[in-house]
Amino acid sequence: QKEVEQNSGPLSVPEGAIASLNCTYSDRGSQSFFWYRQYSGKSPELIMFIYSNGDKEDGRFTAQLNKASQYVSLLIRDSQPSDSATYLCAVNGPPGNTGKLIFGQGTTLQVKP
Amino acid sequence: AAGVIQSPRHLIKEKRETATLKCYPIPRHDTVYWYQQGPGQDPQFLISFYEKMQSDKGSIPDRFSAQQFSDYHSELNMSSLELGDSALYFCASSFSPGLATDTQYFGPGTRLTVL
C-alpha cells in the first residue's frame, strides 16, 4: 500500500462544473498536505496547502482536510478546460520533519468544453 | 518573482557516462530537494540539503551523489548511467523545513535521456 493514495482517473467533468479530487494517507503524524498541478512534461505547480482540519479556500479552489479519517480533498469550482492536468497530492512528515514530500500517483482531470 | 532555476533543461547521455545537474534555489531559500519522476510515475524523493548539510536521503542510487554549495545552489552528480535513469529530475526549494507552513517550489526540471 502506498503512503499516499489517489484515484488515477481520468476524472472527466464538463466545463463550469465542480471537480472533486480525493487523497488518503497512511501516516497519522503527517503535518501538512499539498496539492500540485502538473501539465504533461512540466514541473509540479503548487495550488494549495493545508495543515488544519477543515476547509481552506483560495479563489476557485477549496482544500479540505480530515485528519481523523486521514483524508484530504481538492474542489475546483467552475472548472475550465485549462484546469485539465494531473493533480498530485503530497504529504510531509510530523512536526520537525525534513520537509521531503511523499506524492500520490496523481489524478488526471479532463474538463470538457 | 524569482523561481528555482535548473540547468541543463535537456540532457542526452550514453550508458555508463556521467551527468551533472544543477539547481539554483529561490533567493533566501536555504533548503533544496531533488526528486526523480519516471514516465507515468509520481515524483520520488532522492535527497535534500539544509544549510549546506544533507538533511534527508530517499531512494537515491549509490551511483548518484549530491551537495549544496556555499551560495546554496546544489548539484546532483550521476555516474555509470543506466537506461532506467532516464527521467525528469526536479529540484525544489523552501526556507522553513519542518514547519507546517513550509512549502516547496519546483524548478522546471531537467529531462535526462540515457541511450
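The figures that follow rest on heavy atoms only: side chains count, while hydrogens, waters and symmetry mates do not. Residue numbering restarts at 1 for every chain, and letters A, B, ... go by the order of the sequence lines.
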Inset, instruction - Could you tell me which residues satisfy salt bridge (charged side-chain N to carboxylate O under 4.0 Å, His left out) with A:E57, sequence neighbours excluded, listed by chain and number? - result: A:R77

Inset, instruction - Pick one of side chain, backbone, both or neither for B:I47, based on which atoms fall under 4.5 Å of a heavy atom in chain A. - result: neither

Legend entry - Heavy-atom pair with the smallest gap, counting every atom of A:G104 and B:D42: O-CB, 3.0 Å

Inset, instruction - Write out, in numerical order, the residues from residues 102-115 of chain B with a heavy atom short of 4.5 Å from a heavy atom in chain A. - result: B:D102, B:T103, B:Q104, B:Y105, B:F106, B:G107, B:P108, B:R111

Inset, instruction - Sequence neighbours left out, what passes salt bridge (charged side-chain N to carboxylate O under 4.0 Å, His left out) with B:E82? Give chain and number order. - result: B:R63

Inset, instruction - To the nearest 0.5 Å, tell me how far A:Q6 CD sits from A:T107 OG1. - result: 4.5 Å

Legend entry - Proximal to chain A - members of residues 22-36 of chain B, heavy-atom separation under 4.5 Å: B:Y33, B:Y35

Legend entry - Structural part of B:Q6 lying under 4.5 Å from a heavy atom of chain A: neither

Legend entry - Heavy-atom side-chain proximity of A:M48 to A:F34 below 4.5 angstrom: no

Legend entry - Among the listed options A:I102, A:L101, A:I50, the residue most often paired with chain B at heavy-atom distances under 4.5 Å: A:L101

Legend entry - Sole residue of A:Q110, A:E15, A:K112 in side-chain contact (heavy atoms from CB on, under 4.5 Å) with A:P81: A:E15

Legend entry - Heavy-atom check, side chain of A:F103 versus side chain of A:C89, under 4.5 Å: no

Legend entry - Straight-line distance of B:F64 CZ to B:L76 CG, nearest 0.5 Å: 6.5 Å

Inset, instruction - Side chain from CB out, backbone as N, CA, C, O: work out which of these in B:S96 comes under 4.5 Å of a heavy atom of chain A, or both, or neither. - result: neither

Legend entry - Cation over ring face, A:K56 and A:F49, 6.0 Å, 45°: yes

